[in-house]
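Here is the structure we will look at.
One is the number of the first residue; the rest follow in order along the sequence. All ligand and atom numbering here is 1-based and tracks the order in the structure.
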Amino acid sequence: MMKNIDAYPFKGKKVLVRVDFNVPLDDNFRITDTTRIDAAIPTLRRILDDGGSVILMSHLGRPKEGPEEKFSLKYLISYLGEKTGARIMFADDCIGEQALALSKNLRPGEILLLENLRFHKAETKGDETFASKLAALGDVYMNDAFGTAHRAHASTAVIAKFFPEDKMFGYIMENEVASIDKVLKDTKRPFTAILGGAKVSGKIEIINNLLDKVDNLLIGGGMMFTFIHALGGHVGQSMVEDELFEVALHTLEGAKQMGVKIYLPTDTIIADRFENDAHRKLSDVNDIPDNWMGLDIGPETIKVYNKVIGESATILWNGPMGVFEMDNFAEGTKAIAEAVAAATGKGAYSLIGGGDSVAAINKYGLKDKVSYVSTGGGAMLEYIEGKELPGVVAIKA
Ligand code: AMP
């Protein structure tokens, strides 16, 4: 049976916590965005302060065949020590003799960080033997990795069966599920979804599944050009997925039938190459010169989107409006982030999800001005689609 983190007595227990410490590291192995680690601290504090010890399991990146230096979790040790004030032990392999010995000697208030789970292929395969070896390290299983809750991996789902009486969500999982339920089940209208990012292909399912839930859908980012082109616009060198024209048109038609207003940009900032210092100009979205590409939404679009956002009571935002990593094409994303923050200030409930939208919200210092920043983009969107997340089901079952 599922237990509750606030009620559970952790004293003397070794708690296996699946976290999402999949943080970006630069070439010198420095963490460039600590959001995901910071988010897990209250969960870890709860266990440590109650006299328990913590065994951390995570993945980082996408290692192909076994261990790879650039994906080692050992580069997180010092930051983790700093943030928790706890003594951090590290196991070079997430299973095996050393991990077992370290776990056995772990004392209350201490943390054992296990090396990257995905150095074993068995993790993503959801291998039961591998899960049982992880399970052998602790007395309690806690899942606080919402970012991987949509995967049926060994550490996110399979392992739960070894802890039928001692499994629970951490605070992140609890909050994520509650915040999405607030958007979907307790929706105040109008409900506006803002979708951006690179490609339609990754998001078409989500768009289609949101159609019976939202009142407005604002489209931006690279994916807007597939829609514009499918409608007969001239988009030059902009990112386009030809094979999705039919699908895009079908989506627009579906929206019409369901009474959802889909907004597409009318103007765009174009560039003559994919670089921050490329030549730039403003263009009609339907009339981009042959050798130019659209890399951001334009001021007229921003104005319209701002108005819709300002009149919304529930807002869901996933994906940047342009190539915001380049400062010269970040204006649209920044303006939308500010509009969402302003609407929140006036009482709207806003949920931000997806690595890049989260990065944008952080970049513009607006994290505390929106209602909830989700740490798991893919998982959040699948949950919004109404899919059952294996990581959630395994705990609840
Ligand atoms: P996603 O992971 O699908 O949310 O895509 C995020 C990425 O989309 C970011 O790295 C952006 O730079 C990129 N992106 C946004 N707008 C455009 C655009 N107009 N052309 C190309 N890439 C874009």
Check your understanding: Are F10 and Y8 close enough that their ring centers fall under 6.0 Å?
Key -> yes
Practice item. Pick, from G222, A330, S238, P265, the option with the minimum heavy-atom distance to atom 18 (C) of ligand 1. Key: G222
Check your understanding: What part of V323, side chain from CB on, backbone N/CA/C/O, both or neither, has a heavy atom under 4.0 Å from ligand 1?
Key -> both
Review point. Using 30° and 60° as the class limits, which term best fits the ring planes of H229 and F245: parallel, tilted or perpendicular?
Key: perpendicular
Practice item. List every atom of ligand 1 that sits less than 4.0 Å from any heavy atom of F225, numbering the atoms from 1 in the order shown and giving each element. Key: 19 (N)
Review point. Would you say the side-chain atoms of Y79 and D38 include a donor-acceptor pair closer than 3.5 Å?
Key: yes
Point to revise | Residues T344 and S350: side-chain donor-acceptor under 3.5 angstrom | key: yes
Point to revise | Charged tip of K334 within 45° of F324 ring normal and under 6.0 Å | key: no
Point to revise | Which segment of K203 sits under 4.0 Å of ligand 1 when only heavy atoms are counted | key: side chain
Check your understanding: Tell me, which protein residue and heavy-atom name are nearest atom 9 (C) of ligand 1, and how many Å apart are they?
Key -> E325 OE2, 3.2 Å
Exercise for review: Counting heavy atoms only, name the option from G197, G322, G332, G294 that's nearest to atom 19 (N) of ligand 1.
Suggested key: G294
Review point. Of the protein's non-hydrogen atoms, which lies at the shortest distance from atom 8 (O) of ligand 1, and what is that distance?
Key: A198 N, 3.1 Å
**Study point:** SB check E311 K307 (cutoff 4.0 Å)
**Key:** yes
Review point. Tell me: protein heavy atom nearest atom 2 (O) of ligand 1, and distance?
Key: D356 OD2, 3.6 Å
